[in-house]
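What follows is a set of notes on a single structure, which appears directly below.
Residue numbers begin at 1 in each chain, while the letters A, B, ... track the order of the sequences. Any value given below was found using the heavy atoms of this structure, including those in side chains, with hydrogens, waters and symmetry copies removed.
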There are 2 protein chains.
Amino acid sequence: MTTKSYGQYCGVARAMELVGERWALLIVRDLLVGPKRYTDLRAGLPKIPTNVLATRLKELEQGGVVARRVEPSPSRAIVYELTPYGADLDQVVLALGRWGARSLGELRPGEIVTTDILVMALRSTFRPDRAKKVRARVSYELRFGDLVVHALVDDESLEVAAGPIDKPNVVIEARGPLSPLLNGEIDGEAALKTGLVTTDGTAADLNRFAQFFPIQ
Amino acid sequence: MTTKSYGQYCGVARAMELVGERWALLIVRDLLVGPKRYTDLRAGLPKIPTNVLATRLKELEQGGVVARRVEPSPSRAIVYELTPYGADLDQVVLALGRWGARSLGELRPGEIVTTDILVMALRSTFRPDRAKKVRARVSYELRFGDLVVHALVDDESLEVAAGPIDKPNVVIEARGPLSPLLNGEIDGEAALKTGLVTTDGTAADLNRFAQFFPIQ
DNA sequence: CGGGATCCGTAAGGATACTG
DNA sequence: CAGTATCCTTACGGATCCCG
């Protein structure tokens, strides 16, 4: 409620007052993938203290970013979802994710990946111009540990969601972070050779994937 | 030093670790307009405690976002500027400013406006598509209190900088925040009639300005 | 005067336990 | 399941002081 003001009449300052507190944009990131219950949010953000999550949700609700909804009977579950205004943070979060992905580097001890992270990572790095150029229409299934997401590239459009997809054109199984492949450090062939990736496709498929979802 | 980790291998999380602390993105916002000395930064952010500014600058430097440079003799001034990586936050800050501008509302007591804020506000709200459609080539001088910035709209490109411009096509003097005009609450004629704006141009000029730099 | 460092009180975050 | 309550620790905010 009394989020400290920056004392500036400025869009950036106002945005930081609304979603600039610790954890807030990560909550928004997960809600951009879809509405969630309190426990789902906790599961996606294991390191957030529960009182901080409760506080953030209240602040975001009061800021008009998040709406708290009680599902109809018999479920009666409490669901958090983005308001239309909150959903407009899409471009902000994608731009932030694109920028931050360049600093990802190696997987640090204790760091986790979730389905929501994978979904947003694919959305943020997608390059419609490159997909359009080849008039691509490809479906990918991406596996990382026991996480599974799929991406449907169609001309310049992209759809990403959790879970498997029926008859994907290419299945990519990552044994570790794909950043070396996606930032051009290694190519598809090397990714296969080092065992970073296995796939039912070819090295060329991996290279095309890296073209569509580059880091940088 | 080691800003607390979110424990997630995610571009958004990494970005928040680098620039997510209080005040950090406002420092970046001002540095996006141009390199600055410590005292300039303080002047642009009057409410930041000096120790927090010093700490942020060190963190941003260590994160590869900001570079600290000592000017050659005889100046020897210490200047802070964005690294190329830091400068790539441009799109993030513009997107945030666009989003946050919709919550600006009335000028709250104690809130200030600076030249850097005006420059970034114009950059963030500019709509190249609308400028291109009319093949516009217009120079604006915008005055707000004793602040003066200018904007040069040329087809779909925009240049904004501090200070006056030679022979502007339209001079706009704002007596208060222009958000009502820019978000469509009122039109140019009403803005003139209520005294919110004075100009050497016409109401139509104000309407075109509002088309080029809309909030929403 | 530019460029900080220091000190202290308060507010927020973090970890854990507990409840309707 | 969806949060509160508690306790502790860290960070922030505000003021002052320092040094070349």
Side-chain angles (χ1 to χ4, degrees), chain A residues 1-8 13 16-27 30-31 35-63 66-81 110, chain B residues 1-8 13 16-27 30-31 35-63 66-81 110-112:
Chain A
M1 126 152 295
T2 164
T3 186
K4 275 259 175 184
S5 162
Y6 288 101
Q8 307 216 325
M16 295 315 289
E17 287 165 9
L18 287 168
V19 296
E21 310 238 348
R22 199 162 161 73
W23 293 106
L25 273 181
L26 297 187
I27 296 171
D30 283 4
L31 291 181
K36 290 196 166 46
R37 307 169 64 151
Y38 191 88
T39 317
D40 302 331
L41 286 168
R42 286 191 65 173
L45 300 163
K47 290 190 65 171
I48 194 175
T50 174
N51 57 343
V52 173
L53 177 57
T55 305
R56 286 295 163 278
L57 286 171
K58 277 177 204 146
E59 290 165 354
L60 290 170
E61 190 183 353
Q62 159 173 353
V66 162
R68 180 189 201 263
R69 179 166 51 84
V70 181
E71 294 230 313
S73 304
S75 155
R76 293 203 160 279
I78 296 172
V79 173
Y80 294 93
E81 62 191 351
Chain B
M1 130 147 223
T2 166
T3 188
K4 276 254 175 186
S5 161
Y6 287 101
Q8 306 215 325
M16 296 314 289
E17 288 166 8
L18 287 169
V19 297
E21 310 240 346
R22 200 163 161 73
W23 293 105
L25 273 180
L26 297 187
I27 295 171
D30 283 6
L31 290 181
K36 289 196 168 46
R37 307 171 65 155
Y38 191 87
T39 317
D40 301 331
L41 287 167
R42 287 191 63 171
L45 300 164
K47 290 190 66 174
I48 193 176
T50 173
N51 57 342
V52 174
L53 176 56
T55 305
R56 285 297 161 275
L57 286 172
K58 277 177 205 148
E59 291 165 353
L60 290 170
E61 192 184 351
Q62 159 175 351
V66 162
R68 181 191 144 114
R69 177 166 53 83
V70 181
E71 294 229 312
S73 303
S75 157
R76 295 204 159 280
I78 296 172
V79 173
Y80 295 92
E81 61 192 352
E111 279 188 340
I112 63 163

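- Rounded to an integer number of Å, the gap from B:L41 CG to C:dG2 C1' is 12 Å.
- Ring-plane geometry between B:W23 and A:Y6 is classed as perpendicular, the angle between the planes exceeding 60 degrees on a 0 to 90 degree scale with a lower cut at 30.
- Atom CD1 in B:I78 sits about 10 Å away from atom P in C:dA5, given to the nearest Å.
- Inter-residue side-chain proximity for A:Y38 and A:L57 is flagged as met; some heavy-atom pair is nearer than 4.5 Å.
- The pair B:E61-B:K58 does not count as a salt bridge, with every side-chain nitrogen at least 4.0 angstrom from each carboxylate oxygen.
- Heavy atoms of A:R76 sit nowhere under 4.0 angstrom from any nucleic acid atom.
- Remark: B:R37 is in phosphate contact with C:dG3, judged by side-chain N or O atoms under 4.0 Å from OP1 or OP2.
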Quick one: which protein N/O atoms are closer than 3.5 Å to N/O atoms of nucleotides 14-16 of chain C? Pair and distance per line, please.
{"unit_1": "C:dG14", "atom_1": "OP1", "unit_2": "A:R22", "atom_2": "NE", "d": "2.8"}
{"unit_1": "C:dG14", "atom_1": "OP1", "unit_2": "A:R22", "atom_2": "NH2", "d": "3.3"}
{"unit_1": "C:dG14", "atom_1": "OP2", "unit_2": "A:W23", "atom_2": "NE1", "d": "3.0"}
{"unit_1": "C:dG14", "atom_1": "O6", "unit_2": "A:N51", "atom_2": "ND2", "d": "3.4"}
{"unit_1": "C:dA15", "atom_1": "N6", "unit_2": "A:N51", "atom_2": "ND2", "d": "2.9"}

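- Between A:Y80 and D:dG3 there is a side-chain N or O to OP1 or OP2 distance below 4.0 Å.
- Between the CG atom of A:L57 and the C1' atom of D:dT4 there is a distance of 14 Å, rounded to whole Å.
- In this structure, A:S5 and B:R22 approach most closely via the heavy-atom pair O-NH2, 3.8 Å.
- Looking at B:T50, B:L45, B:N51 one by one, the single match for side-chain contact (heavy atoms from CB on, under 4.5 Å) with B:I48 turns out to be B:L45.
- Following rounding to the nearest Å, B:D40 (CG) and C:dG2 (C1') show an atom-to-atom distance of 10 Å.
- Protein atom CD of A:E21 is 16 Å distant from nucleotide atom P of D:dA11, rounded to whole Å.
- Closest contact between the side chain of B:A54 and the listed nucleotides C:dA12, C:dG3, C:dA5 involves C:dA5.
- Take A:D40 and apply the side chain to side chain contact (heavy atoms under 4.5 Å, CB included) test, not counting sequence neighbours, and it matches A:K36, A:R37.
- Place A:Y38 and A:Y6 on DNA chain D by their nearest nucleotides, and A:Y38 ends up nearer the 5' end.
- An OP1 or OP2 oxygen of C:dA5 is reached within less than 4.0 angstrom by a side-chain nitrogen or oxygen of B:K58.
- D:dC12 atom P lies 16 Å from atom CD of A:E17, rounded to whole Å.
- Counting to the nearest Å, the P atom of C:dA5 and the CZ atom of B:R56 are 14 Å from each other.
- The nearest whole Å value for the distance from the CG atom in B:L53 to the C1' atom in C:dG2 is 12 Å.
- To the nearest 0.5 angstrom, A:M16 atom CE is 4.5 Å from B:L25 atom CG.
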